> 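Here it is, the structure, as structure tokens.
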Amino acid sequence: MTSIAVRIGGRVKRLIAEIINDGGLAEEGTQQIKKAETAPPAKPFDNLDKLT
């Protein structure tokens, strides 16, 4: 999963946590966002030289 998808998932968790008032889920979402921000950037064209 890309870091963008992980970050979006974390934000969705925080939003749902705010609606249902669940502090644990909010913290889980925050940790997920932090993890996505510290992940190395994706290299979509890394294999390009091997394909040609």
Side-chain angles (χ1 to χ4, degrees):
M1 199 180 306
T2 66
S3 65
I4 294 171
V6 173
R7 191 175 304 146
I8 290 170
R11 289 182 183 198
V12 168
K13 282 183 183 179
R14 286 193 340 194
L15 178 64
I16 292 171
E18 188 174 324
I19 292 169
I20 63 172
N21 198 21
D22 184 353
L25 186 61
E27 181 61 31
E28 186 178 324
T30 301
Q31 292 299 322
Q32 189 171 347
I33 293 169
K34 287 180 184 178
K35 181 180 175 184
E37 290 173 349
T38 59
K43 297 180 181 179
F45 300 112
D46 196 32
N47 277 348
L48 191 59
D49 61 338
K50 296 176 185 173
L51 296 173
T52 57

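On a predicted model such as this, the values are computed, not experimentally measured, just so you know.
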> side-chain hydrogen bond (donor to acceptor under 3.5 Å, both in side chains) with Glu28: which residues, sequence neighbours excluded?
Lys13
> According to side-chain contact (heavy atoms from CB on, under 4.5 Å), who are the partners of Ala36, at least two apart in sequence or on a separate chain?
Ser3, Val6, Arg7
> More than 12 foreign heavy atoms under 6.0 Å from CZ of Arg11: is that the case here?
no
> Would you compute the distance between atom NZ of Lys34 and atom CD of Glu37 and round it to the nearest 0.5 angstrom?
9.0 Å
> Tell me who clusters with Ile4, hydrophobic residues only, linked when side chains sit under 4.5 Å apart either directly or through other members.
Ile8, Val12, Leu15, Ile16, Ile19, Ile20, Leu25
> Considering residues at least two apart in sequence or located in another chain, which fulfil the side-chain hydrogen bond (donor to acceptor under 3.5 Å, both in side chains) criterion with Gln31?
Glu27
